[in-house]
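A short write-up of the structure that comes next.
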Amino acid sequence: MIKSAHFEKIRTLAVILIALLLTFLIIAIISDDPLRTILIFLVEPVSSVSHLGNVVEMAIPLMFTGLSVVLLFRTNLFNLGAEGLFYFAGIVASTIAIHWTLSGWLHPIVSILAGALTGALLSAIPGILKAKWNVNELVTSLMFNSILFGVGLYFLNYKLRDPQAFSNSSYKLQPTALLPNLIPGTRIHLGLILALLCIVAVHYYMYRTKWGYELRMTGSNRSFAEYSGINTTKVIITVHLIAGFLAGMGGSVEVLGMYTRFQWTSLPGYGLDGALVALLAKNNPLSVIGAALFLAYIRIGADQMARMSDVPAEMISIVQAVIILLISAEQFLKFWKTRMLLKEAGIRE
Amino acid sequence: MSNFFDILFSTDFAFSVLRVMTPILFAALGALISNKAGIVNIGLEGTMLVSALTGVIVSAYTGSAWVGLLAGILAGVAIAALLGFFTLKFKTHIILGGIAVNMFASGGTVFILYLVSGDKGASTSLKSATLPSLHIPLLQDIPVLGPILSGHNVLTYVSLVSVAGLYYLLAKTPLGLRIRSVGENPQAAQSVGVRVNRVQFVSLLISGFFAALGGAYMSMGYLSLFTRDMTAGRGWIGIAAEAVGRSTTIGTFLSSLLFGAADALANALQILKIPAELVGTTPYVVTVIGLVVYAVAETKMKKRKMTKKELKKAKQV
């Protein structure tokens, strides 16, 4: 018998199932050859080493931003600033990767650290404003996204731009700064190890340390945490610092791992995707791995589908929206849980 | 430099301020009405995009700009209804619901555009209609004011009338009273018999209605076609304008006007070779500074009240 304790897992699976069914439905309506298209969508991402590699590559930035958002959501902070931090940290990391000369192993470390620290410091601003004066962190973080994008784009167009490149992209990043490849035949880079290390560290931090306990307490009830002697101001600022650090690291790693020039002329969207990953992971650090891989899988599936059939890849954004709506819907399938609980109670009597 | 001031004090510039302000004002009014009811609708940007596309497609197929506008409005209200259904019935968090709307819109509009026109960038292949501009008799003959205020797109006038309408709705009608009471204290409102969910749902619908008008203006007035991500952050600037306007109708209108001017100025400033990227961030910087100033003042006031209370208590003892 299914226990009510597993309800959350079942619900997540149900949402994923509904999302996939919806995908099939859209494909069936649009495609001339629906079965083949669905097969491409499902099988192509896992059909070859290089496609599997694509899935993992795409999951790396999602893991970083997902982890960043998990920390914030867990503290009950609705901060969506990962988007701007990710972008701006990418700019900072590429500036160092272009203009500094350092030896092989030191160059990426310095670039990534610079990006991550920039992320942490910039993220601290909405954090301090929230903690000290209760300024709504949602609005400030959204404004910061636009500000950081504007300033970042200015840097790209006026300081980093290579006039000889065809598109709006920066000078070439120096080869010493690029992250080494892990698995031949794919573009999976060292960032994967870094992401996994961060996930394990955040898991440890959240569940095995005093600070993590304080974080979770503040998240469930800030006033109560304050009364029980937790310095919630400090907790909120610390969480913002760590979350910004992770988002910034994600942006730097993505640039140095996947590109030879900086070329984002619009926000890449990984920050908001981070919110989706955090939702799928139920704000659990370790589950971020699975959630990011799943999201990457359906995206690569959609990309391949666009390439090999008549259905455009943008379809996937409709599916993502449905996943967000359903998975964060507390009441969705709740009747089922109630029934399960009643049944369990009945058995015990 | 003198060249720059010539532009700044020309009637053309004042005209363009109103033109640029219109979508921001619509979004800000949408943010205002939902915030008043205590629900933060951050899906405005996405709602605008969907309405902009719907307006273009329907007007292209029917040949009528008005039918297109109506369809755009219906689409916006439908999105708001969906958002309301999920947040109020299924208890989806409103912010996450808003993210979902934006995510749906940014990809979904490109998807639908591609299916309809075979192009992923712009709706150039669709022969869509535009809403007419109005030349107001008498007003247009007044020097200076005439060229500034007359000749705008019909939706620009609608946006100005909407400010008055929304002010009236919130301040003078029973529904407005309910909306404000629900936003201020839902439990108290419920205890006197206000149906909180229903009031919030209605506010969301009105919010979607305004966002839809802003979107329709973008593709059928400001420009005469739909392009990918054409709202370009105007929904967010609207949210910012509402925040800077301290959730008052007049304040929201004035800050929308200010942000419209900043936007128009950004174009003028390019003559001075000040990078547009940086000028574009002004509304957001102003908003952050504004929010901080308000919040600091409020915290100080609270503290002062607290110390006064403590003093009183000490005296009583």
Side-chain angles (χ1 to χ4, degrees), chain A residues 26 29-30 73 78 80 125-126 129-130 132-136 138-140 142-158 266-267 269 272-273 275-276 278-279 302 306 311-334, chain B residues 40 42 46 82-83 85-115 120 228-229 233 236-237 239-240 242-243 275-288 291-292 294-300 302:
Chain A
I26 298 175
I29 295 170
I30 293 161
F73 279 10
F78 269 94
L80 299 174
I125 301 172
L129 295 178
K130 164 78 180 178
K132 292 254 181 200
W133 297 295
N134 210 19
V135 183
N136 188 336
L138 175 74
V139 181
T140 38
L142 288 173
M143 297 301 124
F144 262 80
N145 284 348
S146 303
I147 295 172
L148 290 177
F149 173 61
V151 177
L153 198 60
Y154 164 77
F155 272 107
L156 173 62
N157 285 342
Y158 287 82
S266 61
L267 288 173
L272 290 183
D273 295 339
L276 177 52
L279 277 178
V311 181
E314 279 79 8
M315 175 212 71
I316 211 67
S317 71
I318 300 172
V319 177
Q320 285 179 15
V322 171
I323 295 182
I324 295 188
L325 280 178
L326 284 179
I327 216 151
S328 64
E330 282 171 25
Q331 298 293 322
F332 176 63
L333 292 182
K334 190 133 187 213
Chain B
V40 187
I42 65 163
L82 198 71
L83 183 62
F85 178 75
F86 269 97
T87 48
L88 301 172
K89 185 90 184 164
F90 273 172
K91 301 286 172 211
T92 297
H93 196 291
I94 181 73
I95 302 300
L96 300 171
I99 297 179
V101 168
N102 290 334
M103 216 176 242
F104 165 78
S106 69
T109 49
V110 177
F111 176 65
I112 294 165
L113 180 68
Y114 177 74
L115 291 183
K120 279 189 180 181
R228 180 183 196 138
D229 281 323
W236 300 119
I237 300 186
I239 290 172
E242 194 270 349
E277 294 90 343
L278 294 182
V279 182
T281 62
T282 1
Y284 308 109
V285 176
V286 169
T287 307
V288 171
L291 284 178
V292 172
Y294 294 143
V296 172
E298 233 162 57
T299 325
K300 268 190 188 160
K302 255 187 213 163

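Naming convention: chains lettered A, B, ... in sequence-line order (proteins, then strands); numbering from 1 in each chain.
- Heavy atoms of Phe149(A) lying under 4.5 Å from chain B are absent altogether.
- In terms of heavy-atom pairs under 4.5 angstrom with chain A, the leader among Leu278(B), Thr287(B), Thr299(B), Leu291(B) is Leu278(B).
- Between chain B and the options Leu279(A), Val322(A), Val139(A), heavy-atom pairs under 4.5 Å are most frequent for Leu279(A).
- Side-chain contact between Leu272(A) and Asn102(B) is absent, with no heavy-atom pair separated by less than 4.5 Å.
- Heavy-atom distances place no part of Ile125(A) under 4.5 Å from chain B, backbone and side chain included.
- If you tally non-hydrogen atom pairs under 4.5 Å between each of Leu325(A), Leu153(A), Leu80(A), Leu326(A) and chain B, the highest count goes to Leu325(A).
- Per-residue counts of heavy-atom pairs under 4.5 Å with chain A were compared for Leu96(B), Val288(B), Thr281(B); the largest is that of Leu96(B).
- The candidate with the highest count of non-hydrogen atom pairs below 4.5 Å against chain B, out of Leu129(A), Ile316(A), Ile318(A), is Ile318(A).
- Val279(B) meets the side chain to side chain contact (heavy atoms under 4.5 Å, CB included) test with Ala266(B), Leu269(B), Ile274(B), Thr282(B); sequence neighbours excluded.
- At a 4.5 Å heavy-atom cutoff, the contact between Asn157(A) and chain B is made by side-chain atoms alone.
- Looking at Leu115(B), only its side chain comes within 4.5 Å of chain A, counting heavy atoms on both sides.
- Nearest heavy-atom pair, Ser317(A) versus Gly108(B), reported as atom, atom and distance to 0.1 Å: OG-N, 3.2 Å.
- Of the two parts of Phe78(A), only the side chain, counted from C-beta on, holds a non-hydrogen atom closer than 4.5 Å to a non-hydrogen atom of chain B.
- Your options are Lys300(B), Lys89(B), Lys120(B), and the one with the most heavy-atom pairs under 4.5 Å with chain A is Lys120(B).
- The minimum heavy-atom distance between Ala295(B) and Trp133(A), with the atom names listed, is CB-O, 3.7 Å.
- Neither the backbone nor the side chain of Phe155(A) has a heavy atom closer than 4.5 Å to any heavy atom of chain B.
- Per-residue heavy-atom pair counts under 4.5 Å with chain B were compared for Val135(A), Leu276(A), Leu142(A), Ile147(A), and the maximum is reached by Ile147(A).
- The two residues Tyr284(B) and Met143(A) have their closest heavy-atom pair at CD2-SD, 3.4 Å.
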Query raised in the report: Taking it one step at a time, do Asp273(A) and Met103(B) satisfy side-chain contact (heavy atoms from CB on, under 4.5 Å)?
Result: CA-CA 9 Å; Asp273(A) 295 339; Met103(B) 216 176 242; 3.5 Å; yes
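- Here Ile99(B) is the residue among Val40(B), Asp229(B), Thr109(B), Ile99(B) with the most heavy-atom pairs under 4.5 Å with chain A.
- Only the side chain of Ile26(A) comes within contact range of chain B, judged by heavy atoms closer than 4.5 Å.
- Interface residue Ile42(B): only side-chain heavy atoms are found under 4.5 Å from chain A.
- For a residue to count as touching a neighbouring chain, one of its non-hydrogen atoms must lie under 4.5 Å from one of that chain's; by this rule Ile323(A) does not touch chain B.
- Taking CD1 of Ile30(A) as the start and CZ of Phe111(B) as the end, the distance is 3.0 Å to the nearest 0.5 Å.
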